[in-house]
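Small disclaimer: the values here were computed from a predicted structure and weren't measured.
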Amino acid sequence: MEEVRKYPGKLVFGLDIGTRSIVGTVGYKTGDQFYVVAQRMREHETRAMLDGQIHDIGRVGMTIMRVKTELEAAVGGKLTDVCIAAAGRVLKTITVHTETAFEEEKEITAEDIYALDSKGIEAAYEEFNRGNTSEVKFYCVGYSVVRYYMNHYVIGNLESHKAKVIGVDLIGTFLPEDVVDGLYKAVAQAGLEVVNLTLEPIAAIQVAIPEMYRMLNIALVDVGAGTSDISITQGGSIVAYGMIPAAGDALTEAVAQHCLVDFATAEQIKRECGEKDSIGYQDIMGLPQTISRGELLEVMRPIVESMTGQVSDKIRELNGDKSVSAVFVVGGGGKIPGYTDMLAERLGIALERVALRGEEVMQKIQFLEKETKKDSLLVTPIGICVAFYEQSNSFVFVTFNNERIKLYDNSRLAVVDAALQADFPNECLFPRRGEALHFLVDGKSRMVRGNLGEAAVITVNGSPADIHTPIHANDVISVQESTAGAPAALEINRLPEYKGVIRVEVNEKKIDLPKFASVNGQLQSGYYDIRENDRIVMLDYYTVRQVAEFMDVIVDEKMHIYVNNKQADMETHVYENFSIVWTMETLQLSDRETQEAGDGMALSYADLPDGEEADVGEDLTAGGGTDPAADTETGSPDAETEKPDAGGDTIRNMQIFVNGSPVVLRGKSSYIFVDLFDFIDFDLSRPQGKSIVTKRNGGDAQYMEPLSAGDTIEIYWRD
């Protein structure tokens with residue numbers, strides 16, 4: 001707003017865009033006084049508005065332009081910003097409670113309170129959208145604070161108090177998009193930009209019910225031309241809003257029907273009803289007519305009864321199914337004789353407690369144009385200006401990916417807010433990961449995330465930006481979707497379970513063997529690329545055949561093979577630090593060396609942890625049956641055969657039972673549990689369950705546990 005004349009305060013321009021007329025007010029606030037510099041009013045030349053809804057944007061825009069031009073001449077400057085109010089047609093309200101907690105107790109500032117209010121508005125908006133099942137989009141057009149909380153206790157004013165938690169009960173008010181859009185487009189045609197949007201009953205209550213009266217249970221009824229807007233106060237706050245789509249125009253239409261006149265003539269007859277006993281007019285036939293005040297009131301009486309009945313019902317609904325203590329009536333529609341008395345009767349309260357409010361509530365309003373008459377018609381227009389100081393909120397328009405969208409302006413708008421309002425997918429703002437990889441390692445689930453893609457490419461007015469970049473009215477925002485990264489990829493050698501190499505000795509030469517893993521039952525090297533749902537079991541051994549293949553050595557079938565100085569074959573398992581000898585010669589091993597070799601083999605199995613987890617597979621019970629090379633000359637299943645070796649130690653052949661079948665252990669003077677794996681068909685290299693269950697004589701068995709003749713052994717894979 002460019003001002004030519006100087007005023008003590010910043011000028012505020014408010015427009016009351018009513019169904020019957022448009023009232024423009026320009027003024028400023030100093031202390032607790034509001035000074036009205038100029039006020040102008042123009043009636044619609046046609047019925048461009050009905051029930052608070054703009055039906056002809058162009059005509060309404062032209063009327064606004066005329067009011068604006070007259071006011072600019074009066075204040076000596078150009079008006080560019082405007083405050084407006086929306087009528088309560090199809091009004092919806094949501095009451096929410098919101099809290100903000102601080103890390104430690106702090107002094108509450110005005111900024112903290114503003115942030116709390118904004119948080120409450122956003123919460124009300126989210127809750128309303130969750131419950132809005134219609135296809136109509138609604139916008140928050142105003143709010144009022146019911147009460148504040150400090151550390152969970154009610155308080156009147158939070159500012160300057162110290163608190164760790166602050167809260168607010170807040171009423172958010174919502175109107176359909178078409179109502180709001182119509183208002184914005186009409187003022188835009190007059191070259192104005194909206195800086196604050198409120199609701200008409202919120203605006204009216206700023207003037208009609210001073211804060212000191214809001215402790216009382218009072219209803220404010222703003223009877224306009226198209227709607228009657230209602231608000232309720234109690235306990236120091238505004239606690240409810242409502243409306244009914246019936247007001248002064250319904251009375252005018254009844255007069256037009258009865259007197260057979262056009263709408264404008266009927267409106268003039270209705271206004272003169274309170275001033276004259278007899279009203280003269282000309283009907284549509286061009287004939288002069290006269291109607292008495294009494295006859296006119298009788299014509300309007302059924303409409304007044306209907307209006308006051310609907311208003312009283314709505315007041316009770318908003319006030320918890322009970323009447324209020326008093327009612328303040330503002331607006332032109334409430335000036336019809338008999339309206340306040342009939343409303344008092346409907347509510348069941350004393351006649352003097354329902355009254356028109358005009359000059360009585362304008363003690364803090366000063367008019368610089370002395371000819372201005374203070375009455376109930378001016379309450380809402382002035383309240384629209386005063387509301388600017390109480391709550392500064394409005395909508396702003398931005399262009400998002402070539403689409404013009406409207407945003408509720410909470411003074412903290414960013415690109416992400418525009419994206420959400422435009423229904424731009426949230427995941428398309430952030431880098432997206434490629435497909436994850438799922439697999440099992442030794443029976444345990446494992447997941448590797450995919451790679452991150454590129455973030456969304458964002459510009460605001462052509463300049464690089466991000467989702468947190470602030471935005472303002474008329475900004476042009478462009479967002480190119482983020483991309484998904486490459487799918488997850490992983491080689492076995494990158495698993496923490498993969499230890500690298502197995503070191504063994506082959507014909508007295510140290511050899512490092514790369515580790516292998518069993519993948520879905522097939523051997524794979526560390527360079528294998530893991531695939532979705534692979535079942536991986538880490539192997540800590542080679543077979544003699546695999547060692548030979550790795551060394552690119554051909555082991556002739558005539559060769560003798562020894563593992564840890566014990567005769568072996570191509571399928572014998574070779575673990576860390578084992579020794580292998582393959583030779584054409586037969587090694588001459590002493591009995592003690594044979595025993596030591598056996599002990600070495602036993603120790604190798606002891607390296608396997610008890611209950612080692614493995615990949616999921618089919619159940620497999622260890623096969624029984626006697627070793628084909630076992631001594632078959634035992635006299636009975638339980639007999640032990642003993643004979644001394646060359647060193648004098650006694651070699652004992654001992655029979656036990658494994659999974660219900662007899663097994664003879666031979667070649668050693670004593671046996672431990674792990675020895676039985678040399679005599680049964682139980683392949684440790686191909687896990688068939690999550691872990692091995694080992695039991696001896698009904699109890700849990702350890703690998704190094706000594707065995708006795710006749711022991712009953714159970715060994716199997718656990719699912």
Side-chain angles (χ1 to χ4, degrees), residues 29 32 83 85-86 88 91-102 107-128 139-175 196-220 222 229-242 318-320 324 328 380 383-394 408-412:
K29 191 174 183 181
D32 61 352
C83 304
L91 175 70
K92 307 288 184 183
T93 62
I94 291 288
T95 302
V96 294
H97 175 80
T98 304
E99 292 184 347
T100 297
F102 305 104
E107 184 173 317
I108 306 305
T109 65
E111 184 177 346
D112 294 325
I113 299 170
Y114 176 75
L116 179 66
D117 289 353
S118 298
K119 186 177 178 181
I121 295 167
E122 291 169 4
Y125 193 74
E126 290 172 4
E127 184 174 333
F128 177 80
Y139 286 107
C140 179
V141 293
Y143 74 95
S144 62
V145 172
V146 177
R147 61 185 65 86
Y148 285 114
Y149 297 86
M150 182 179 73
N151 297 330
H152 307 296
Y153 292 98
V154 175
I155 192 166
N157 188 352
L158 286 166
E159 191 168 3
S160 299
H161 287 283
K162 285 189 174 182
K164 188 168 174 47
V165 180
I166 57 176
V168 63
D169 288 338
L170 176 145
I171 303 173
T173 54
F174 300 86
L175 284 175
N196 190 57
L197 171 68
T198 189
L199 200 67
E200 286 191 357
I202 294 179
I205 212 165
Q206 302 293 336
V207 176
I209 305 182
E211 236 178 271
M212 59 184 176
Y213 291 165
R214 295 178 194 175
M215 291 297 298
L216 305 174
N217 190 200
I218 301 173
L220 172 67
D222 183 0
D229 298 299
I230 303 162
S231 51
I232 308 288
T233 66
Q234 191 170 27
S237 305
I238 305 168
V239 296
Y241 295 103
L318 297 174
N319 199 47
V324 291
F328 290 174
T380 299
I384 291 171
C385 293
V386 175
F388 173 81
Y389 300 96
E390 300 296 324
Q391 58 180 75
S392 181
N393 66 86
S394 64
Y408 175 75
D409 186 8
N410 59 8
S411 299
R412 294 180 287 110

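- A donor-acceptor pair shorter than 3.5 Å cannot be found between the side chains of N196 and Y389.
- Using a distance-only test at 3.5 Å, with no hydrogens or angles considered, no donor-acceptor pair links the side chain of N319 to the main chain of I232.
- Inspection of the H97 and E99 side chains reveals an N or O donor paired with an N or O acceptor under 3.5 Å.
- A donor-acceptor contact shorter than 3.5 Å links the side chain of R214 to the backbone of I209.
- Proximity of L170 to T98: side-chain heavy atoms (C-beta onward) are nowhere separated by under 4.5 Å.
- Under the 4.5 Å side-chain criterion, counting only non-hydrogen atoms from C-beta, N151 is in contact with K164.
- Across every non-hydrogen atom of M150 and A163, the tightest pair is CG-CB, 3.4 Å.
- Dense packing is recorded around NZ of K29, with more than 12 heavy atoms of other residues, nucleotides or ligands lying under 6.0 Å away.
- For the pair D169 and Y149, the minimum side-chain heavy-atom distance is below 4.5 Å.
- When each of N157, L116, L158, I155 is checked for a side-chain contact (heavy atoms from CB on, under 4.5 Å) with I108, only L158 meets the rule.
- Side chain to side chain, Y241 and D229 fail the donor-acceptor criterion of an N or O pair below 3.5 Å.
- Counting heavy atoms from C-beta on, the side chains of L318 and I230 come closer than 4.5 Å.
- The shortest distance between side-chain heavy atoms of L199 and L175 falls below 4.5 Å.
- Other residues, nucleotides and ligands contribute more than 12 heavy atoms inside 6.0 Å of the CZ atom of F102.
- Within the 4.5 Å cutoff, side-chain heavy atoms of D117 are placed close to those of V168.
- The two residues I171 and I238 come nearest to each other via the heavy atoms CD1-O, 3.6 Å.
- Using cut-offs of 30° and 60° on the angle between ring planes, the pair F128 and F174 is parallel.
- Residues E159 and I113 meet the side-chain proximity criterion, which asks for heavy atoms closer than 4.5 Å.
- When all heavy atoms of A124 and G172 are compared, the pair lying nearest together is CB-CA, 4.4 Å.
- C83 places a side-chain heavy atom less than 4.5 Å from the side chain of I384.
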